[in-house]
Peer 1: 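After the structure tokens below, expect a handful of questions from me.
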Amino acid sequence: GNSGSGKSSSVFSVNTMPVDQVPPQPSITIGSQLVGPSGAVVTISFDEKVENFDLSDIDRANLLGSFAPLQSSPDGMTYSTVFIPNQGVASLSNQITVVPGNYIDVAGNPGLGGSSTNFAVDTVGPKIISFALNDSLLSSVDLLAMTIKFSEAVSDFDSADIDISGAAVQWVAFEALSSDEYRAIF
């Protein structure tokens with residue numbers, strides 16, 4: 001044999017870990033399917049840690065509103081913000097969309113795009129669309145019924161919302177005829 005020849009052999013290792021070639025995929029959820037003036041939480045979750053993800057990765061072309069600063073979870077897999085719609089917007093078709101390619105995973109794979117489910121935005125306040133009195137000429141013994149109809153359902157509307165100061169009337173009754181129509185009797 002060759003024992004003791006003084007030659008040494010090289011020791012090396014082979015990395016048998018598979019190379020990550022799978023791009024990260026976002027999943028976008030909205031905290032409410034009807035977004036009002038106070039906004040809604042938007043959560044963007046990834047199936048792995050991502051880098052370089054920021055608000056510029058969200059397509060805002062068709063969104064009438066803005067976003068609060070983006071917050072990241074410590075593991076880099078979940079991001080959240082608040083979508084705050086502009087005032088005076090009523091829209092039934094809205095989505096939050098992540099643009100593909102601008103962010104990466106830790107292996108350098110460019111991220112995929114994705115969209116939330118559709119959600120509605122309503123920051124338009126209700127309007128009075130009709131105001132009717134049952135009589136325009138009253139005697140001191142007549143009752144006056146006033147009916148108010150709104151453009152949409154309202155909440156927390158009651159007799160305190162009707163100012164009768166300066167009028168020569170007294171409350172008799174107040175009732176909700178529906179969620180968008182009310183009657184006051186004096």
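Everything numeric in this text was worked out from a predicted model, so none of it was measured.
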Peer 1: Hydrophobic cluster membership, with links at side-chain heavy-atom distances under 4.5 Å among I/L/V/M/F/W/Y: are M146 and Y182 in one?
Peer 2: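 Linked, M146 and Y182 end up in one cluster.
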Peer 1: CG of N94 to CG of N62: how many Å apart, nearest 0.5 Å?
Peer 2: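 It comes to 9.0 Å.
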Peer 1: Out of curiosity, does I28 fall in the hydrophobic cluster containing V121 (side-chain heavy atoms, cut-off under 4.5 Å, transitive links)?
Peer 2: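 Yes; tracing contacts between hydrophobic side chains, which count when under 4.5 Å, links both residues.
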Peer 1: In Å and rounded to the nearest 0.5 Å, what is the CD to CG distance from E152 to D122?
Peer 2: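 Between atom CD of E152 and atom CG of D122 there are 5.0 Å.
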Peer 1: Could you tell me whether the side chain of N102 and the main chain of V99 form a donor-acceptor pair under 3.5 Å?
Peer 2: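 No, because the side chain of N102 does not come within donor-acceptor range (under 3.5 Å) of the backbone of V99.
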Peer 1: Could you tell me if the side chain of V41 sits less than 4.5 Å from the side chain of F83, heavy atoms only?
Peer 2: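 Not touching, per the 4.5 Å side-chain cut-off.
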Peer 1: Between P37 and Q87, is any pair of side-chain heavy atoms under 4.5 Å apart?
Peer 2: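 Yes - at least one pair of side-chain heavy atoms lies under 4.5 Å apart.
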Peer 1: Are S115 and T97 close enough that a side-chain donor and a side-chain acceptor fall under 3.5 Å?
Peer 2: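 Indeed, the side chains of S115 and T97 share at least one donor-acceptor pair under 3.5 Å.
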Peer 1: For E175, look at atom CD and say whether over 12 heavy atoms of other residues, nucleotides or ligands are found less than 6.0 Å away.
Peer 2: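 Above 12, so yes.
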Peer 1: Give a yes or no on whether a salt bridge exists between K49 and D105, defined as a side-chain N under 4.0 angstrom from a carboxylate O.
Peer 2: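 Salt bridge flag = no for D105 with K49.
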Peer 1: Let me see the working for V35 and I84 under side chain to side chain contact (heavy atoms under 4.5 Å, CB included), right down to the final yes or no.
Peer 2: CA-CA 8 Å; V35 179; I84 304 160; over 6 Å; no
Peer 1: Taking V98's backbone N and O only, do any of them form a donor-acceptor pair with D57's side chain (distance below 3.5 Å, no angle check)?
Peer 2: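 No, because the side chain of D57 does not come within donor-acceptor range (under 3.5 Å) of the backbone of V98.
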Peer 1: Search all heavy atoms of T123 against all heavy atoms of G36 and return the closest pair with its distance.
Peer 2: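 Minimum heavy-atom contact is CG2-C, 3.8 Å.
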Peer 1: T43 side chain to S80 main-chain N or O, any donor-acceptor pair under 3.5 Å?
Peer 2: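 Absent.
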Peer 1: Is I104 reachable from L112 through a run of hydrophobic residues whose side-chain heavy atoms are each under 4.5 Å from the next?
Peer 2: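 No: no chain of side-chain contacts under 4.5 Å links L112 to I104.
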Peer 1: To the nearest 0.5 Å, what is the distance between CD on Q170 and CG on L143?
Peer 2: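 The CG atom of L143 is 11.5 Å from CD of Q170, to the nearest 0.5 Å.
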Peer 1: Check for me, please, whether F67 and V82 land in the same ILVMFWY cluster - side-chain distances under 4.5 Å, paths through other members count.
Peer 2: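 Shared cluster, no.
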Peer 1: Is any side-chain heavy atom of L144 less than 4.5 Å from a side-chain heavy atom of L133?
Peer 2: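 Touching, per the 4.5 Å side-chain cut-off.
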Peer 1: Is the closest side-chain heavy-atom distance between D180 and K149 below 4.5 Å?
Peer 2: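 SC-SC contact between D180 and K149 confirmed.
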Peer 1: Would you name the heavy atoms of A40 and G31 that are closest together and state the gap between them?
Peer 2: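 Looks like CB-N, 4.4 Å.
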Peer 1: Using modelled atom types only, decide if a donor and an acceptor are shared between the side chain of T81 and the backbone of A68 within a distance under 3.5 Å.
Peer 2: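 Pair found, side chain donor or acceptor close to backbone of A68.
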Peer 1: Using the rule side chain to side chain contact (heavy atoms under 4.5 Å, CB included), only one of P26, P110, P23 pairs with Y103; which is it?
Peer 2: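 It is P26, the one option of P26, P110, P23 that forms the side chain to side chain contact (heavy atoms under 4.5 Å, CB included) with Y103.
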Peer 1: Are I164 and W171 close enough that some pair of their side-chain heavy atoms sits under 4.5 Å apart?
Peer 2: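 When only atoms from C-beta onward are counted, W171 and I164 do touch, with a gap below 4.5 Å.
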Peer 1: Under the criterion side chain to side chain contact (heavy atoms under 4.5 Å, CB included), I'd like the reasoning laid out for F186 against F174: C-alpha separation, chi angles, the key distance, then a yes or no.
Peer 2: CA-CA 9 Å; F186 306 97; F174 181 84; over 6 Å; no
Peer 1: Answer yes or no: does atom CG of D75 have more than 12 heavy-atom neighbours from other residues, nucleotides or ligands under 6.0 Å?
Peer 2: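 More than 12 heavy atoms, drawn from other residues, nucleotides or ligands, come within 6.0 Å of this atom.
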Peer 1: With a 4.5 Å cut-off on side-chain heavy atoms, are F119 and S32 touching?
Peer 2: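 When only atoms from C-beta onward are counted, F119 and S32 do not touch, as no gap falls below 4.5 Å.
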Peer 1: Indicate yes or no for a side-chain donor-acceptor contact from Y79 to the backbone of V42 under 3.5 Å, with no hydrogens or angles considered.
Peer 2: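 Such a contact is absent between Y79 side chain and V42 backbone.
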Peer 1: Atom CD in E181, atom OG in S130: separation rounded to 0.5 Å?
Peer 2: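 Between E181 CD and S130 OG, I get 6.5 Å after rounding to 0.5 Å.
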Peer 1: State, yes or no, whether a side-chain contact exists between E51 and V106 at a heavy-atom distance under 4.5 Å.
Peer 2: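 With C-beta onward as the side chain, the pair touches.
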Peer 1: For L55, does its backbone N or O pair with a side-chain atom of R60 as donor and acceptor, under 3.5 Å?
Peer 2: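 It does hold such a pair.
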Peer 1: Mind checking whether P24 and D47 have side chains closer than 4.5 Å, heavy atoms only?
Peer 2: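 Yes, their side chains come closer than 4.5 Å.
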Peer 1: Return yes if some donor-acceptor pair links the side-chain N/O of S151 with the main-chain N/O of K127 below 3.5 Å, else return no.
Peer 2: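 Checking the backbone N and O of K127 against the side chain of S151, a donor-acceptor pair under 3.5 Å is found.
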Peer 1: Cluster question for you: counting only ILVMFWY and a side-chain heavy-atom cut-off of under 4.5 Å, with indirect links fine, are I58 and L64 together?
Peer 2: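 Yes; tracing contacts between hydrophobic side chains, which count when under 4.5 Å, links both residues.
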Peer 1: To the nearest 0.5 Å, how far apart are CZ in F131 and CZ in F150?
Peer 2: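 If I round to the nearest 0.5 Å, the distance is 10.5 Å.
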Peer 1: Mark yes or no for whether N134, through its side chain, and A145, through its backbone, hold a donor-acceptor pair below 3.5 Å.
Peer 2: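 The answer is yes, because a donor-acceptor pair under 3.5 Å joins these two groups.
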Peer 1: N109 and D20: side-chain donor and acceptor closer than 3.5 Å?
Peer 2: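 On atom types as modelled, these side chains qualify, holding a pair under 3.5 Å.
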